[in-house]
Amino acid sequence: MTEAVSSSALSIKGLLKHFEGKYAVDRLDLDIQGGEFHALLGPNGAGKTTTLRIVAGLLKADAGQVSVLGHDVSRDPQVAKREMAFLPDDPLLYGKLSALEYLEFVAGLWAIDANTAANRATDLLKWLELWDKADQQTEGYSRGMRQKLALAGALIHQPKLMILDEPLTGLDAHAARSVKDMLVDYVKQGNTIVLTTHILEIAERLSGRISIIQRGKIAAQGTLEELREQAGQQGATLEDVFLNLTDAQASTPVADK
């Protein structure tokens, strides 16, 4: 089989998902290029997490198409999933495993050979400042340590696309800084991040492009400067621009389906 080639790390077309008659995602279109640090923002219930769970293959869409580096998630899920990692806001770890054991377990799920897995695990734990706790059971880890270990688990198979849902929630300043530095390094290596967060200062500081989702659709998209122009707020913070654009969208009547 010839490997698919695409400049898009993530392509979403006409995505539709409803629950009990209500649209969580409403014909959403989104294209994210390789090498982007992209923030997907929106108020609670806007459809962010539902969209990302569909991308990760954890939910089935009612309609639409999702491709990861040219691989269709519904038609070729195994290949698409090998190209990405999805990290939810409260990732599952196994408390009785040490960090090294956890990473070896995750590597085994990806059929990574033992020597390669051990080398990658060592590099990741040192990079994320967890090496001195590598043999400690994770049930004794702080929230920040658990979050960093979950990131290491997401990176063990070297995905080109990482999807992060509120990755800095509950972290102290030192842990948050460490994770942010790691994410920036990951993108500098040519990889792609799609990030959701309610901490808009993080999105403003880290992301190159931003999509604002409202009522299951993209309400605005672009760089921060482009969003300022759309909102008519030159020099405004992302928080001010976000509130302006989402308040304006919320006041617009919903069209009949």
Side-chain angles (χ1 to χ4, degrees), residues 9 34-39 52-53 55-58 68-69 78 80-197 199 202-203 205-207:
E36 277 191 38
F37 200 128
H38 197 102
L52 296 185
R53 288 176 65 84
V55 171
L58 301 176
V68 174
L69 284 101
Q78 289 188 336
K81 289 177 181 179
R82 282 190 174 276
E83 301 285 7
M84 65 174 158
F86 173 67
L87 190 64
D89 59 346
D90 189 16
L92 174 66
L93 299 178
Y94 298 95
K96 297 301 182 182
L97 297 181
S98 70
L100 278 173
E101 290 169 339
Y102 171 74
L103 293 180
E104 289 171 0
F105 167 73
V106 175
L109 296 177
W110 291 106
I112 300 170
D113 71 82
N115 287 336
T116 300
N119 290 334
R120 289 182 187 175
T122 299
D123 290 343
L124 286 166
L125 292 173
K126 289 180 177 179
W127 188 26
L128 291 166
E129 301 177 353
L130 290 174
W131 183 244
D132 61 335
K133 305 292 185 182
D135 294 320
Q136 179 179 322
Q137 290 183 343
T138 61
E139 64 183 3
Y141 277 19
S142 67
R143 171 64 187 261
M145 292 168 65
R146 291 196 302 271
Q147 195 75 355
K148 289 197 286 185
L149 180 57
L151 279 167
L155 289 166
I156 195 73
H157 69 291
Q158 298 184 334
K160 297 181 177 67
L161 170 66
M162 185 180 294
I163 300 169
L164 305 173
D165 191 3
E166 299 287 351
L168 303 179
T169 300
L171 301 190
D172 61 31
H174 178 77
R177 177 62 179 269
S178 177
V179 169
K180 286 185 286 186
D181 288 346
M182 185 278 292
L183 298 179
V184 170
D185 285 345
Y186 174 80
V187 173
K188 286 181 178 178
Q189 294 169 15
N191 300 301
T192 306
I193 286 177
V194 182
L195 166 79
T196 69
T197 179
I199 309 173
I202 292 172
R205 180 176 301 178
L206 298 181
S207 59

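Just so it is clear, the structure is predicted and the values come from calculations on it, not from any experiment.
Residues Pro167 and Gln147 form a side-chain contact, since some pair of their non-hydrogen atoms from C-beta on lies under 4.5 Å apart. Residues Leu149 and Lys133 form no side-chain contact, since every pair of their non-hydrogen atoms from C-beta on lies 4.5 Å or further apart. Between Leu151 and Met162 the shortest side-chain heavy-atom distance falls below 4.5 Å. Phe37 has its side chain within reach of Leu195: a pair of non-hydrogen atoms, C-beta onward, lies under 4.5 Å apart.
Atom CD of Gln78 has 12 or fewer heavy atoms from other residues, nucleotides or ligands within 6.0 Å. When the shell of 6.0 Å around CZ of Arg177 is examined, it contains 12 or fewer heavy atoms from other residues, nucleotides or ligands.
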Kindly determine whether Leu130 and Met145 satisfy side-chain contact (heavy atoms from CB on, under 4.5 Å), including the steps that lead there.
-> CA-CA 7 Å; Leu130 290 174; Met145 292 168 65; 4.0 Å; yes

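The two atoms that bring Gln137 and Tyr141 nearest to each other are O-CD1, 3.9 Å, heavy atoms only. The two residues Met84 and Val55 come nearest to each other via the heavy atoms CE-O, 3.0 Å. Here the closest heavy-atom approach between residue Val187 and residue Gly35 is recorded as CG1-O, 3.5 Å. Closest heavy-atom contact between Leu128 and Lys148: O-NZ, 3.1 Å. When all heavy atoms of Pro159 and Tyr186 are compared, the closest pair comes out as O-OH, 2.8 Å. Closest non-hydrogen pair, Ala134 versus Leu125, comes out as CB-CD1, 3.9 Å.
Distance alone, capped at 3.5 Å, places no donor-acceptor pair between the Ser178 side chain and the His174 backbone. Distance alone, capped at 3.5 Å, is enough to place a donor-acceptor pair between the Arg120 side chain and the Ile156 backbone.
Applying the salt bridge (charged side-chain N to carboxylate O under 4.0 Å, His left out) test to Lys188 and every residue at least two apart in sequence or in another chain returns nothing. Residues forming a ring-ring contact (aromatic ring centres under 6.0 Å, His included) with Trp110 (at least two apart in sequence, or on another chain): His157.
A side-chain contact (heavy atoms from CB on, under 4.5 Å) with Ile193 is found for exactly one of Ile163, Leu161, Leu164, Leu206, namely Leu164.
Atom-to-atom distance recorded for Asn191:CG and Lys160:NZ is 8.0 Å, nearest 0.5 angstrom. Atom CG in Leu93 sits 5.0 Å away from atom OG1 in Thr138 (nearest 0.5 Å).
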Table please: side-chain donor-acceptor pairs of residues 99-106 below 3.5 Å, with sequence neighbours left out.
residue: Glu101; atom: OE1; partner: Ser98; partner atom: N; Å: 2.9
residue: Glu101; atom: OE1; partner: Ser98; partner atom: OG; Å: 3.4

